[in-house]
Structure formats: structure tokens, C-alpha cells
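Remarks on the structure that follows.
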Amino acid sequence: MASPRSIVVLTGAGISAESGLATFRGPDGLWEGHHVEQVCTPQALARDPATVHRFYDARRAALSQVEPNAAHRALARLDAEWPGDLVIVTQNVDDLHERAGARRLIHMHGELLSALCASCGAREPWAGQLDPGMPCPACDAPALRPDIVFFGEMPYAMDRIEGAIAAADLFVSIGTSGAVYPAAGFVQTARYAGGRTLELNLEPSAGSALFDESRLGPASLLVPAWVEETLAVAGPNPAAAR
Ligand code: OAD
């Protein structure tokens, strides 16, 4: 194919699986022993804030036990060397893309290493424990909560993401089951806009048939191979050589 100029990559939990972080929809349907609705809804936070905070405190603490894998590193290489437009949209709340070196990155579902004030909307970098009723550093309201987009809440940066997909020549979905909207609908947006669509996943996702091409296997193998192929088609990037 002709070299694409503009690429949007969507990643999900599957890209972090080989780093040792659990995916959401495992065979038992549980995420680290919980149903997603018990820890990932505004209702759960209102009903049982201690459980929700404890859950995300544990996920935040677990980040120090894991490292980016070859798939994260390959996308960081693409970010550094791709001469055209690129947006890496991740549904993941871990920090493995940025630790690998990715810069053109959007966390659409929030970040573990951030706290959100439910009162004033401030987002604060947060590395430690987060207890219910902690005061917001910006407005002092006792309203800090995990900066996670719960079910029923609007993901971050949707205008930017939809705009980038509509303008993209190539949309690539990596390690996501395609079960959660709006991210599950991005492949349709890309198709309607005339972009090519590629899926890299361990197994066919819910929307697999909508992709022009689907490659099945572990992200640590598929993603480096795809990045190599993509950069080879693009030719040498004078900026990367400097
Ligand atoms: P899921 O757990 O639903 O899907 C993970 C996908 O990754 C599955 O299709 C697996 O087959 C695939 N997979 C597993 N290991 C892989 C590997 N080594 N290489 C490649 N693929 C692999 O996770 P998401 O689709 O990311 O929302 O879930 C979407 C959202 O649901 C999450 O962002 C989360 C959750 O509710 C929030 O936290 C707000």
C-alpha cells in the first residue's frame, strides 16, 4: 500500500498484558477479583468509596512492579520516528506508554497517576494513596477521587480523538476487546472517513469483521513487526537521524 501520512493507534489492556497487568475481560469475567461495575461506576464510588479507593490504590501501587514491554517500546519508536501525524489513544490507565517514551499520547479513560477533584474538576498528579474525602489542592473541597473515567462518564479529549480519526489514513487497534464504547466505535468512524483499518489482537475482537485486516497474536510480536514495516514504507526520517 502507499505510505500513510496520518496514523491513529488505539490501545487497550491487551498491550499491557505481557507486562503483567490483568486485562478486564478475562475468562472469569473479573478484573483483579471485582466485577467492573463494583469499582468503575459513579454509583459504586457514592455507595462504597472506601472499596473503590482501595481498589485503585492497589492498581496504582502495582505500577511500580511492572515495566513496558516490546509493544510499548515499538509504539514509542514509531512516535519518535514517524514523520507524519500520529496520535496514540490509549484506554489504559497505566503509565507504560509514557514510560516507554511515547509523547503523542491521549489517555481517554483517565490515569492512575492522577487525582480528579469532583468539585472543581482539577486534575492533580498523584502517586500515593488516595482516601475518600481528601482535600483538593486547588479548591480545598474534600472531593478528590481517582481520575478514572467511570462507566456513564464522558471519556477525555473526544473532540480531538474523533477529529484525528476522521483525518487519518490508517487506524490501528491494538489489544482491545472492542466491548466498550465509544472506543469500540472508532473503527466505524475511520471506515466512514475512508481510512484503512488494521487490528492487532490476540483473538478476534467484537468488531473484528469491520477491519480491513486483522492480525492475531501477542502484541509483543505483532506491534514491533508492524512498526518496522510502517517505518520501512515511510523511508528514512531526516528528523530521527539528527
Ligand atoms: P479487555 O480486557 O476488554 O480486552 C483485552 C483484549 O486484549 C482482548 O481482546 C484480549 O484478547 C487481548 N489480549 C490479551 N492479551 C493480549 C496480548 N498479549 N497481545 C494482544 N492482545 C491481547 O480490555 P479493553 O478492551 O482495554 O475502562 O477494555 C476497555 C475498557 O473496559 C477499559 O479501558 C476499562 C474497561 O472497563 C476503564 O477503566 C474506564
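All residue numbers refer to positions in the sequence shown, counting from 1. Just so you know, ligand 1 is whichever comes first in the structure, and atom 1 is the first atom listed for that ligand.
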Checklist entry - Which protein heavy atom lies closest to atom 24 (P) of ligand 1, and at what distance to 0.1 Å? => result T176 OG1, 3.8 Å
Next on the checklist: Geometry only, no angles: is L202 polar-contacting ligand 1 at N/O separations under 3.5 Å?
Outcome noted: yes
Item to check | Distance from atom 17 (C) of ligand 1 to nearest protein heavy atom, with residue and atom | outcome: G14 O, 3.4 Å
Checklist entry - Does F55 have its ring centroid less than 6.0 Å away from the ring centroid of H34? => result yes
Next on the checklist: I need the nearest protein heavy-atom contact for atom 18 (N) of ligand 1: residue, atom name and distance, please.
Outcome noted: E18 OE2, 2.8 Å
Next on the checklist: Is the positively charged end of R191 above the ring of F171, judged by distance under 6.0 angstrom from the centroid and angle within 45° of the axis?
Outcome noted: no
Checklist entry - Which is it for F150 and ligand 1 at heavy atoms under 4.0 Å: side chain, backbone, both or neither? => result neither
Next on the checklist: Please determine whether side-chain contact (heavy atoms from CB on, under 4.5 Å) holds for the pair H97 and T11, giving the CA-CA distance in whole Å, both sets of side-chain angles, and the decisive distance to 0.1 Å.
Outcome noted: CA-CA 10 Å; H97 281 304; T11 68; 2.9 Å; yes
Item to check | Nearest-neighbour protein heavy atom for atom 11 (O) of ligand 1, which is reported as residue plus atom name and distance | outcome: E203 OE2, 2.9 Å
Next on the checklist: Please report whether ligand 1 has a polar contact with N92, defined as an N or O pair separated by less than 3.5 Å (distance criterion only).
Outcome noted: no
Checklist entry - Can you find a pair of side-chain heavy atoms, one from L200 and one from V223, that are under 4.5 Å apart? => result yes
Item to check | Polar contact flag for A219 and ligand 1 (N/O pairs, less than 3.5 Å) | outcome: yes
Checklist outcome for this item: for atom 5 (C) of ligand 1, nearest protein heavy atom and its distance come out as G175 O, 3.7 Å
Next on the checklist: Do the side chains of R104 and D79 get close enough for a salt bridge, i.e. N-O under 4.0 angstrom?
Outcome noted: yes
Checklist entry - In terms of atom number and element, which parts of ligand 1 are under 4.0 angstrom from non-hydrogen atoms of Q91? => result 29 (C), 33 (O)
Next on the checklist: Using a 3.5 Å cut-off on N or O atoms only, is V149 in polar contact with ligand 1?
Outcome noted: no
Next on the checklist: Evaluate R145 against L45 for side-chain contact (heavy atoms from CB on, under 4.5 Å), listing each step before the verdict.
Outcome noted: CA-CA 9 Å; R145 54 163 271 190; L45 183 66; 3.8 Å; yes
Checklist entry - In the protein, which heavy atom is nearest to atom 26 (O) of ligand 1, and how far is it? => result A13 N, 2.8 Å
Checklist entry - Can you say whether the rings of F150 and Y56 are parallel (under 30°), tilted (30 to 60°) or perpendicular (over 60°)? => result tilted
Item to check | ligand 1 atoms in contact with F151 (distance to a heavy atom under 4.0 Å) | outcome: 36 (O)
Item to check | Salt bridge present between R5 and D85 (N-O < 4.0 angstrom) | outcome: yes
Item to check | Heavy-atom check, side chain of V227 versus side chain of W82, under 4.5 Å | outcome: no
Next on the checklist: Applying side-chain contact (heavy atoms from CB on, under 4.5 Å) to L75 and V9, what does each step give before you reach the verdict?
Outcome noted: CA-CA 9 Å; L75 287 185; V9 175; 4.1 Å; yes
Checklist entry - Is G217 near ligand 1, meaning one of its heavy atoms is under 4.0 Å from it? => result yes
Item to check | Those atoms of ligand 1 less than 4.0 Å from some heavy atom in A17 | outcome: 15 (N)
Next on the checklist: What I want to find out is whether R215 reaches E229 closely enough, with some N-O distance under 4.0 Å, to be called a salt bridge.
Outcome noted: yes
Item to check | Shortest protein heavy-atom distance from atom 33 (O) of ligand 1, along with the residue and atom involved | outcome: H109 ND1, 2.8 Å
Next on the checklist: Could you identify the single nearest non-hydrogen protein atom to atom 30 (C) of ligand 1 and state the distance to 0.1 Å?
Outcome noted: V180 CG2, 3.8 Å
Next on the checklist: If you measure every N or O of F24 against every N or O of ligand 1, does any of those distances drop under 3.5 Å?
Outcome noted: yes
Next on the checklist: Please compare V93, I148, N201, L216 and report which has the shortest non-hydrogen distance to atom 12 (C) of ligand 1.
Outcome noted: N201
Checklist entry - Does R60 reach the main-chain N or O of G128 with its side chain, forming a donor-acceptor pair under 3.5 Å? => result yes
